[in-house]
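Here the structure comes first, spelled out in structure tokens, and everything after it is commentary.
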Amino acid sequence: MALLITDDCINCDVCEPECPNEAISMGLEYYQIDPNKCTECVGHFDEPQCQQVCPVACIPFDPAWRETPEQLLAKYTILTAAKV
Ligand code: SF4
Ligand code: SF4
């Protein structure tokens, strides 16, 4: 399951550099997560790093993007291979 940034975001810029997959970027009004790049931090960290640092807790799991741990790990493998 990818994560989602809600409109409670205050554009504090804290989460964007913490994402190991470069999935977070500034959107039209507030930050957004590319679900094709978000692995819930699987492969990099035990916990979603953006959730850990967000001061207003506006990064829930996105119910529209349900993925198993195996699918998330496969996404991590593809993303990592693309960087090499
Ligand atoms: Fe990036 Fe991890 Fe947050 Fe997904 S959960 S957006 S991979 S920091
Ligand atoms: Fe928005 Fe939270 Fe990211 Fe700050 S850490 S930019 S409030 S989503």
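In listed order, ligands and their atoms are each counted from 1. Numbering starts at 1 and runs along the sequence shown.
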Inset, instruction - Among all protein heavy atoms, pick the one closest to atom 4 (Fe) of ligand 2 and tell me residue, atom and distance. - result: Cys12 SG, 2.3 Å

Inset, instruction - Provide the closest heavy-atom pair for Asp8 versus Val56 in the form atom of the first, atom of the second, distance. - result: O-CG2, 3.8 Å

Inset, instruction - Look at atom 3 (Fe) of ligand 2 and say which protein heavy atom is nearest, naming residue and atom and giving the distance to 0.1 Å. - result: Cys15 SG, 2.3 Å

Legend entry - Element-labelled atoms of ligand 2 that are located less than 4.0 Å from some non-hydrogen atom of Ile5: 8 (S)

Inset, instruction - Check ligand 2 against Pro55 and write out every atom of the ligand that is under 4.0 Å from a heavy-atom position of the residue. - result: 5 (S)

Inset, instruction - Show your reasoning for whether side chain to side chain contact (heavy atoms under 4.5 Å, CB included) applies to Ile5 and Ile24. - result: CA-CA 9 Å; Ile5 294 175; Ile24 303 174; 4.2 Å; yes

Inset, instruction - Determine whether His44 and Asn21 make a side-chain contact, defined as any pair of heavy atoms from C-beta on separated by less than 4.5 Å. - result: yes

Inset, instruction - Keeping the roles fixed (side chain from Glu18, backbone from Cys15), state whether a donor-acceptor pair exists under 3.5 Å. - result: no

Legend entry - Protein residue, atom and distance nearest to atom 1 (Fe) of ligand 2, heavy-atom basis: Cys9 SG, 2.3 Å

Legend entry - Sub-4.0 Å atoms of ligand 2 with respect to non-hydrogen atoms of Asp13: 6 (S)

Inset, instruction - State plainly whether one hydrophobic cluster holds both Val53 and Met26, where clusters connect Ile, Leu, Val, Met, Phe, Trp and Tyr through side-chain heavy atoms under 4.5 angstrom apart. - result: no

Inset, instruction - Of all the heavy-atom pairs spanning Tyr31 and Cys9, show the shortest one and how long it is. - result: N-SG, 3.8 Å

Inset, instruction - Starting from atom 8 (S) of ligand 2, find the nearest protein heavy-atom neighbour and note its residue, name and distance. - result: Cys58 SG, 3.5 Å

Legend entry - Ligand-side contact atoms (ligand 1) for residue partner Ile24, heavy atom cut-off under 4.0 Å: 6 (S)

Inset, instruction - Say whether, by atom type as modelled, one donor and one acceptor occur between the side chain of Gln51 and the main chain of Ile59 under 3.5 angstrom. - result: yes

Inset, instruction - List every atom of ligand 2 that sits less than 4.0 Å from any heavy atom of Val56, numbering the atoms from 1 in the order shown and giving each element. - result: 7 (S)

Legend entry - Proximal atoms of ligand 1 relative to Ile33 (non-hydrogen, under 4.0 Å): 6 (S)

Inset, instruction - Scan Cys54, Cys19, Pro48 and name whichever one has a side chain to side chain contact (heavy atoms under 4.5 Å, CB included) with Leu3. - result: Pro48

Inset, instruction - Around atom 7 (S) of ligand 2, find the nearest protein heavy atom and jot down its residue, atom name and distance. - result: Ile10 N, 3.4 Å

Legend entry - Atoms of type N/O/S from protein, distance to atom 2 (Fe) of ligand 1 below 2.8 Å: 1

Legend entry - Cys54 backbone or side-chain N/O/S under 2.8 Å from atom 1 (Fe) of ligand 2: no

Inset, instruction - Please name the pair of heavy atoms, one in Tyr30 and one in Asn11, separated by the smallest distance, quoted to 0.1 Å. - result: CA-OD1, 3.0 Å

Inset, instruction - Please examine the side chains of Ser25 and Glu16, heavy atoms only from C-beta on, and report whether any two atoms are closer than 4.5 Å. - result: no

Inset, instruction - Could you tell me if any non-hydrogen atom of Ile59 lies under 4.0 Å from any atom of ligand 2? - result: yes

Legend entry - Side-chain heavy-atom pair Phe45, Thr39 within 4.5 angstrom cut-off: no

Legend entry - Sequence neighbours excluded, every pair satisfying salt bridge (Lys or Arg N to Asp or Glu O under 4.0 Å) that has a member inside residues 28-53: none

